[in-house]
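Take a look at the structure below.
We're numbering straight along the sequence, starting at 1. Side chains included, hydrogens not; waters and symmetry mates left out as well; all remaining heavy atoms used.
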Amino acid sequence: MANAADYFSDEQQLLLKNAIARAEKHTSGEIRIFIDSKVKSEIIDRAAEVFENLKMHETKLHNGVLIYVAIENRQFAIIGDSGIHQYVSQGFWDKVKEEMIPFFKRKDYTGGLLHAIEETGQKLKMYFPVAKNDSDELSNEVVFGD
Ligand code: CA
Ligand code: CA
């Protein structure tokens with residue numbers, strides 16, 4: 001069975017990392033990507049577990065967003081922390097997920113994720129503009145499960 005990281009070349013991983021850094025230049029929100037090859041439980045439970053493990057609930061403004069992908073299941077979940085719920089409806093995340101599907105169908109996983117990062121960044125920027133003293137609270141590296 002393939003490892004989750006095998007689906008992304010070094011260049012693609014760098015592209016994703018750079019896209020997150022670019023989005024975070026305009027927002028205090030923190031975006032992270034986590035990729036499993038296969039999900040063994042309900043995707044939303046696994047995504048919540050990853051959110052917890054990555055300590056994504058510890059940002060100052062509670063504005064972390066996790067894009068979770070189970071690549072062989074072609075499933076993904078997007079979770080925002082509590083600070084985001086007051087502004088962004090579930091409908092928005094559903095729309096982003098819908099838009100990722102065609103990319104995933106043609107196995108353009110990087111393209112789909114770049115799109116999601118871009119959309120998420122635009123949205124976060126509206127409600128959580130970047131402050132002068134912004135720090136990178138959560139690493140921009142893509143994280144791989146097994
Ligand atoms: Ca930040
Ligand atoms: Ca970050």
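- Between Arg22 and Glu118 there is no salt bridge, since no side-chain N of the basic residue sits under 4.0 Å from a carboxylate O of the acidic one.
- Atom-to-atom distance recorded for Leu16:CG and Ile33:CD1 is 5.0 Å, nearest 0.5 angstrom.
- Residues Ile71 and Tyr109 have side chains in contact (heavy-atom distance under 4.5 Å, counting atoms from C-beta outward).
- Leu66 and Val39 fall within a single hydrophobic cluster, where Ile, Leu, Val, Met, Phe, Trp and Tyr are joined by side-chain heavy atoms under 4.5 Å apart, directly or via other members.
- When side chains are defined from C-beta on, His115 counts as touching Glu99, because their heavy atoms get closer than 4.5 Å.
- Residues Trp93 and Val88 are in side-chain contact: their nearest non-hydrogen atoms beyond the backbone lie under 4.5 Å apart.
- In this structure, Lys97 fails the cation-pi test against Phe76, since its NZ or CZ atom is not both closer than 6.0 Å to the six-membered ring centre and inside 45 degrees of the ring normal.
- Nearest heavy-atom pair across Asp81 and Asn63 is CB-N, 4.1 Å.
- Counting only heavy atoms from C-beta outward, the side chains of Leu124 and Val65 approach each other to under 4.5 Å.
- A donor-acceptor pair is defined here as one N or O able to donate and one able to accept, closer than 3.5 Å; such a pair exists between the side chain of Asp108 and the backbone of Gly111.
- Applying the 6.0 Å contact sphere to NZ of Lys55 captures no more than 12 heavy atoms from other residues, nucleotides or ligands.
- Separating the CG atom in Leu113 from the CD1 atom in Ile35 is a distance of 5.5 Å, to the nearest 0.5 Å.
- Taking 4.0 Å as the cut-off between side-chain N and carboxylate O, Glu42 and Arg46 do not count as a salt-bridged pair.
- Residue Ile20 is grouped with residue Met126 when hydrophobic side chains (ILVMFWY) are merged at heavy-atom distances under 4.5 angstrom, including chains of intermediate members.
- Note that the NE2 atom of His57 and the CD1 atom of Ile79 stand 12.5 Å from one another [nearest 0.5 Å].
- Scanning all heavy atoms of the two residues, the minimum distance from Ala77 to Ala47 falls at CB-CB, 4.0 Å.
- Residues that satisfy the side chain to side chain contact (heavy atoms under 4.5 Å, CB included) test with Glu11, not counting sequence neighbours, are Ser9.
- Not less than 6.0 angstrom separates the ring centroid of Phe51 from the ring centroid of Tyr68.
- Taking the side chain as every heavy atom from C-beta outward, Ile43 and Asn73 never approach each other to under 4.5 Å.
- From Ile67, atom CD1 reaches atom CD1 of Ile117 across 5.5 Å, with rounding to the nearest 0.5 Å.
- In this structure, Gly121 and Ala23 approach most closely via the heavy-atom pair CA-CB, 4.1 Å.
- No side-chain donor-acceptor contact under 3.5 Å links Asn3 and Ser37.
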*Check the pair Lys123 / Glu119 against salt bridge (charged side-chain N to carboxylate O under 4.0 Å, His left out), numbers first and verdict last.*
CA-CA 6 Å; Lys123 197 72 172 176; Glu119 290 290 303; over 6 Å; no

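- Atom CZ of Phe92 sits about 9.0 Å away from atom CD of Gln122, to the nearest 0.5 Å.
- What you find for Leu61 and Ser28 is that their closest heavy atoms are CD1-OG, 3.5 Å.
- Tracing side-chain contacts under 4.5 Å through hydrophobic residues (I, L, V, M, F, W, Y), one never reaches Leu14 starting from Phe8; they form parts of separate clusters.
- Distance check, rounded to the nearest 0.5 Å: CD of Gln86 to NE2 of His62 gives 11.0 Å.
- When all heavy atoms of Lys38 and Glu72 are compared, the closest pair comes out as NZ-OE1, 3.3 Å.
- Within the 4.5 Å cutoff, side-chain heavy atoms of Glu24 are placed close to those of Ile31.
- At a threshold of 4.5 Å between side-chain heavy atoms, the hydrophobic network of Ile, Leu, Val, Met, Phe, Trp and Tyr places Leu114 and Ile101 in one connected group.
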Compile the donor-acceptor pairs under 3.5 Å between side chains in residues 130-144 and protein atoms, sequence neighbours left out, one pair per line.
{"residue": "Glu137", "atom": "OE2", "partner": "Lys60", "partner atom": "N", "Å": "2.9"}
{"residue": "Ser139", "atom": "OG", "partner": "Glu141", "partner atom": "N", "Å": "3.1"}
{"residue": "Glu141", "atom": "OE2", "partner": "Lys17", "partner atom": "NZ", "Å": "3.1"}

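- Using modelled atom types, one finds a donor on one side chain and an acceptor on the other under 3.5 Å when comparing Asp94 with Gln90.
- Within the cation-pi definition used here (under 6.0 Å to the ring centroid, within 45° of the axis), Arg106 does not qualify as a partner of Phe104.
- Taking every heavy atom of both residues into account, Gly112 and Met100 meet most closely at O-CG, 3.6 Å.
- Phe128 is not connected to Met56 by any chain of hydrophobic side-chain contacts under 4.5 Å among Ile, Leu, Val, Met, Phe, Trp and Tyr, and they are in different clusters.
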